[in-house]
Amino acid sequence: MTVNPVETDAALEEFYSDLSAVDLAPLWTITEQLLTPTPRPRAVPWLWSAATMKPLARRAIQLVPVERGGERRVLSLQNPGLSGLPYAAGTLWGALQCLGPREVAPAHRHSPGAIRFVLEGEGVFTTVNGDACDMHPGDLVLTPSMNWHDHVNAGDGEMFWFDGLDLPMVSALDSIFFESYPGPGESQPEPAEHNVSERVHAGGVRYTDGAVSDVLSPQHSKLMIYRWADTVAELDRLTAASEDPLLSVEYTDPESGASVMPTMSCAAYRVRARAHSLPVRRTGNSVHVVFSGHGSSVIDGRRFDWGPGDMFVVPSWSAVEHFVDTEHFAEGTEEHAEVFVVSDAPVLRALGLYREQTLTAPQPVTDLFSPR
Ligand code: GTQ
Ligand code: FE2
């Protein structure tokens with residue numbers, strides 16, 4: 001077959017514009033953008049330091065009351081790769097929330113599920129469907145999809161915690177619902193007994209070794225609070241049992257052994273002092289929240305240095321390794337580091353999309369991330 005190239009070009013251009021005019025797209029011109037050999041998340045590896053966030057959160061406490069409508073005093077992690085979307089990564093919301101003395105964040109419920117990891121302060125309880133859960137540093141609190149929740153600071157100090165939500169996933173599925181609590185007060189009535197879920201459900205297996213449970217459940221955990229002391233006991237047990245540079249436990253639903261939420265997995269890991277983990281790639285995004293210690297992570301060749309209260313994002317299929325070495329130790333000390341992490345792994349598992357690859361050697365470090 002012979003064609004006149006000049007005529008073909010003009011004809012093709014006209015053809016493409018005719019397609020576009022009736023809302024059709026030719027796949028062959030976009031195949032390589034759509035079907036990439038490996039995931040190309042728009043979110044970039046990024047870090048938000050406590051040094052940057054905390055003064056701004058304190059200014060928010062001074063300037064902005066917590067009220068109906070605004071609902072929460074929350075600074076969301078806005079990944080610079082996502083063109084202004086207020087998301088930490090394509091599938092995950094991450095944020096720093098704070099409450100001043102005696103403040104109440106009003107009760108509401110929504111289809112996105114949330115997890116809270118407490119960073120600093122005392123005195124707040126989050127009431128989850130009538131169960132008041134006392135929050136202390138290092139605790140994980142769940143407010144699953146469509147559970148009523150409010151946060152009450154009954155104390156005289158400020159409190160700061162990390163929020164992780166599956167909001168971007170629920171939004172991508174066009175399934176967002178939101179309701180304000182209909183009661184007369186801003187918050188749910190405070191029950192006489194706090195932490196009921198802990199008394200009733202803390203009996204089963206609440207942690208599993210490694211990063212992601214392969215038990216899947218469409219249900220969320222009925223246990224709403226996981227205490228830091230229990231998490232640390234698990235990390236201590238693993239530290240004693242192996243020489244691995246990185247010890248990791250996933251929080252699990254004590255009834256099923258599944259991840260705490262159908263959409264999100266929560267885990268805590270310890271990086272041993274003077275240890276360096278091998279780089280790993282996983283499908284799915286994760287947000288990491290440093291609880292204690294200092295260390296570094298290399299994400300796709302860029303080094304991120306971190307300390308308590310810092311938050312960083314590892315986008316899907318980025319290679320990540322962690323280390324804690326002499327340069328991280330304060331004078332005369334030798335401290336391991338502990339990090340909380342939330343990911344979308346249960347969704348990837350449920351859909352048969354979960355993949356993991358451990359690389360055999362550390363990545364060459366090409367640059368050092370400097371927080372803005
Ligand atoms: O505390 O209920 O970071 O509804 C985003 C949405 C926190 C909350 C967030 C929320 C909340
Ligand atoms: Fe909420």
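Quick note: residue numbers are just sequence positions, from 1. Both counts, for ligands and for their atoms, begin at 1 and track the order of listing.
The ring pair (Phe, Tyr, Trp, His ring centres under 6.0 Å) test with F304 singles out one residue from F369, F323, W48, and that residue is F369.
Short contacts between ligand 1 and H108, defined as distances under 4.0 Å to a heavy atom of the residue, involve ligand atoms 2 (O), 4 (O). Close approach to H149 involves these atoms of ligand 1, each under 4.0 Å from a residue heavy atom: 2 (O), 8 (C). Residue H151 has at least one heavy-atom neighbour below 4.0 Å for each of these atoms of ligand 1: 1 (O), 2 (O), 8 (C). Taking every heavy atom of R116 and a limit of under 4.0 angstrom, the matching atoms of ligand 1 come to 1 (O), 2 (O), 7 (C), 8 (C), 11 (C).
Scanning both residues, S297 and V320, for their nearest heavy atoms gives CB-CG2, 4.4 Å.
A salt bridge is defined here as a Lys NZ or Arg NE, NH1 or NH2 lying under 4.0 Å from an Asp or Glu carboxylate O, and D163 with R72 fails to meet this definition. Salt-bridge check for E103 with R73: passed, with a basic side-chain N closer than 4.0 Å to an acidic carboxylate O.
The aromatic rings of F117 and F340 sit parallel, their planes meeting at an angle under 30°, below the 60° perpendicular limit.
Looking at atom 6 (C) of ligand 1, its nearest protein heavy atom turns out to be L165 CD2, 3.8 Å. When only non-hydrogen protein atoms are considered, atom 5 (C) of ligand 1 lies nearest to W93 NE1, 3.6 Å. Scanning all protein heavy atoms for the shortest distance to atom 10 (C) of ligand 1 gives H110 NE2, 3.9 Å. Scanning the protein for heavy atoms near atom 8 (C) of ligand 1, the closest one is R72 NE, 2.9 Å.
The neighbour count for R355 CZ, taken as heavy atoms of other residues, nucleotides or ligands under 6.0 Å away, does not exceed 12. Within a 6.0 Å sphere centred on CZ of F177, other residues, nucleotides and ligands contribute 12 heavy atoms or fewer.
Using a 4.0 angstrom heavy-atom cutoff, E71 does not count as in contact with ligand 1.
Distances from the Fe ion (ligand 2) to each N, O or S atom of H149 single out NE2 as the nearest.
In this structure, the separation between CG on N153 and CZ on F125 is 9.5 Å, given to the nearest 0.5 Å.
Compare D163, L167, D150 by their heavy atoms: the one nearest to atom 7 (C) of ligand 1 is in D163.
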